[in-house]
Amino acid sequence: MIFQSFKMAWKSISANKPRAFLTMLGIIIGVMSLVVLVSLVTSATNSVTDQIASMGTDMLTVSVMDDKGNPLKQGDLSEIAQDDSIALIAPVSQASGTVKSGTETVSVSIEGTTGAYFQIQGDELASGRLLKTADVENISYVAVLSNEAAVEIYGDANATGRTLTMSGRKYLVVGVLAEDDSMMASFSQNYTVYVPYTVTERLSSAASGVSSFYVAATDAEYIDRAEATVEQALLSRFKNDEDAFFIFNQDTLAETMSSVTNTFSLLLGGIAAISLLVGGIGIMNIMLVSVTERTREIGIRKAIGANKRVILSQFLIEALTICLIGCAIGIALSGLILAVVNLFASDTLTFSFSGSVIIVAVLFSTFIGVAFGIYPARKAAGMHPIDALRYE
Amino acid sequence: MIDLCDISKIYRVGDEEIHALDRVSMTVAEGEFVGITGPSGSGKSTMMHIIGCLDTADYGTYRLDGQPVEHRSEGDLAVIRNRKIGFIFQSFNLISRMTLEENVELPLIYQGVSPHVRRERVGAALERVGLSNRRKHTPNSISGGQQQRAAIARALVTEPALILADEPTGNLDSKTGESILELFRELNASGKTIVLITHDNHIAGETGRTIRIMDGRIEGTG
């Protein structure tokens, strides 16, 4: 019976194809905007959160805002690193400088750190070596370059063994990092020069100690324990002032990121849903016209034994069929649009269907079909057979 | 088969009450071929609506095939129309975008008959009215006489107790009309009860018995 009803609905819809298509257009556009927009946002979110996760969910970034005249020293960090939950700890001080490259100058960011930094970041070498403990202890003027920086300054990545003149001082380039092809890296130019932590400390005017450092937990599971350990150590160090420092957890970043984008996709989905609603009104309009046009048919059907329920379900299923066909076309077109977007999008970002939005689209179209089909269907079902038969 | 007793139907137009039917009583026995005749406005259409269970009387009782019909819900009336009555209209009333086969099938779908049985019975009904070779045609592509035959097939397909025809030859030329009447006579000969409503005395004369209606009352039978 249900199959029969859909067959009948299809027959009435296909009796006037241009009209049916125009009616569907509202639903098609609505579904398309819903699926495409939400899929774009969801895919972008996923790939950003993946990137964040790939940077390590076992990592903490700590900044000291107010050292209470008692700056942290490398020794303090080593003490914190004693805890089982902490694998590595690396101080970072950031500065910027300029490097002479022939007649040009290149602006670079300078990171003063230790060898542990590279391990925490998961950076790999293209050539040479990383910073060593001896470099840090001896305050050696040596530098490790990011791949982009080496290419920008020397024209190619083979910079190991060459000299670097940065802000008036000469450094020996001991290593060049491998290219970073992650998406985060592609957002900005990464002209970074890594030098021993002690070098930047010496060059900076104020002996400010460690103002920020990275912590890697022994395992992602221990990240909370590591955070607690660091927090405890810093609290006791800075007179229990919670505002003196800030611990930044990659996990927290990922969570914040996804909650922001969820709100965003909800917003976009909401806007798309409004266009679906407008499509629903179009369907109601056409169904009302159709009911009036087919008054005589309704009379005939009633005369030969169709009851209210049958007529009601006939028109309801017709509205529903229009909605669902429109929904199917909309989803198919969305797939096409996403495929085209993928052609132009960067390699690291792949846009794909969000499964849940398709379910939402189908359910919402069904809801629209029923909600906007019920009034015309009730109108048809309520007709008196004699009046309907007399209708010209 | 049909047992109308003191049936009245009153319409109100403004303050005025119009007695479309005024205490009409009549019976039709099983296997009869009865013509109901009268000028337009005489109440014969109202009579047909009540006999056909498209409308209910305000007063009086009506038994169809032994069952009382008054005070039934709309849904019950739909079931009675579906199972006991085959309608034939002046303007054929086939659904134009459906093929003859699908038109004839419709009452069986509403009855809930299985597709297999439906196909068989639709085939038999079309065969009976001589339209087997037109089953895939739509009503617009065949002649008026053929359309009326298809409508008769649709009325026959449920094997109803009563066939109710409202001016079935009104839109046909006299020759085609005669062949439709001939088909009615054949059906009657095979045991079908037929009630034919017409304003044409000549056609009424072709039936077994004529009931004449005037101003909502039965004027005479003959």
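FYI, side chains are in, hydrogens and waters are out, and symmetry mates aren't considered; it's all heavy atoms of this structure. Chain identifiers are assigned alphabetically (A, B, ...) following the order of the sequence lines, protein sequences preceding nucleic acid strands; residue numbering begins at 1 within each chain. Small disclaimer: the values here were computed from a predicted structure and weren't measured.
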Does D215(B), at its CG atom, have more than 12 non-hydrogen atoms belonging to other residues, nucleotides or ligands within less than 6.0 Å? no
R309(A) CZ: over 12 foreign heavy atoms closer than 6.0 Å: no
Do other residues, nucleotides or ligands put more than 12 heavy atoms under 6.0 Å from E127(B) CD? no
Between OG1 on residue T99(B) and NZ on residue K11(A), distance to nearest 0.5 Å: 6.0 Å
Does any backbone or side-chain atom of Q111(B) lie under 4.5 Å from a heavy atom of chain A? Answer side chain, backbone, both or neither. neither
If you count every heavy atom of other residues, nucleotides or ligands that lies below 6.0 Å from Y11(B) atom OH, does the total exceed 12? yes
What's the separation between atom CG in L77(B) and atom CG in N307(A), rounded to the nearest 0.5 Å? 11.0 Å
Could you pull out the closest heavy-atom pair between A306(A) and A78(B), with the gap in Å? O-CB, 3.9 Å
Are R97(B) and R294(A) close enough, and set up right, to give a side-chain contact (heavy atoms from CB on, under 4.5 Å), and what steps lead you there? CA-CA 11 Å; R97(B) 61 166 189 280; R294(A) 285 152 67 190; 3.4 Å; yes
How many angstroms lie between atom CG of D166(B) and atom CG of L389(A), to the nearest 0.5 angstrom? 9.5 Å
Contact residues of residues 85-94 of chain B (partner chain A; heavy-atom separation under 4.5 angstrom): F87(B), F89(B), S91(B), N93(B), L94(B)
CZ (F264(A)) with more than 12 external heavy atoms under 6.0 Å: no
Please state whether the side chain, the backbone, both or neither of S14(A) comes within less than 4.5 Å of a heavy atom of chain B. neither
Side chain from CB out, backbone as N, CA, C, O: work out which of these in K308(A) comes under 4.5 Å of a heavy atom of chain B, or both, or neither. side chain
Please classify the contact of R154(B) with chain A as side chain, backbone, both or neither, using a heavy-atom distance under 4.5 Å. side chain
More than 12 heavy atoms of other groups within 6.0 Å of E293(A) CD: yes
Once rounded to the nearest 0.5 Å, what's the spacing between atom CE of M8(A) and atom CD of E102(B)? 9.0 Å
When only pairs under 4.5 Å are counted, which of G299(A), P385(A), A15(A), A303(A) shares the most heavy-atom pairs with chain B? A303(A)
Please check if the number of heavy atoms outside E16(B) that lie under 6.0 Å from its CD is greater than 12. no
Hey, which residues of residues 43-55 of chain B are touching chain A, say heavy atoms under 4.5 Å apart? H49(B), L54(B), D55(B)
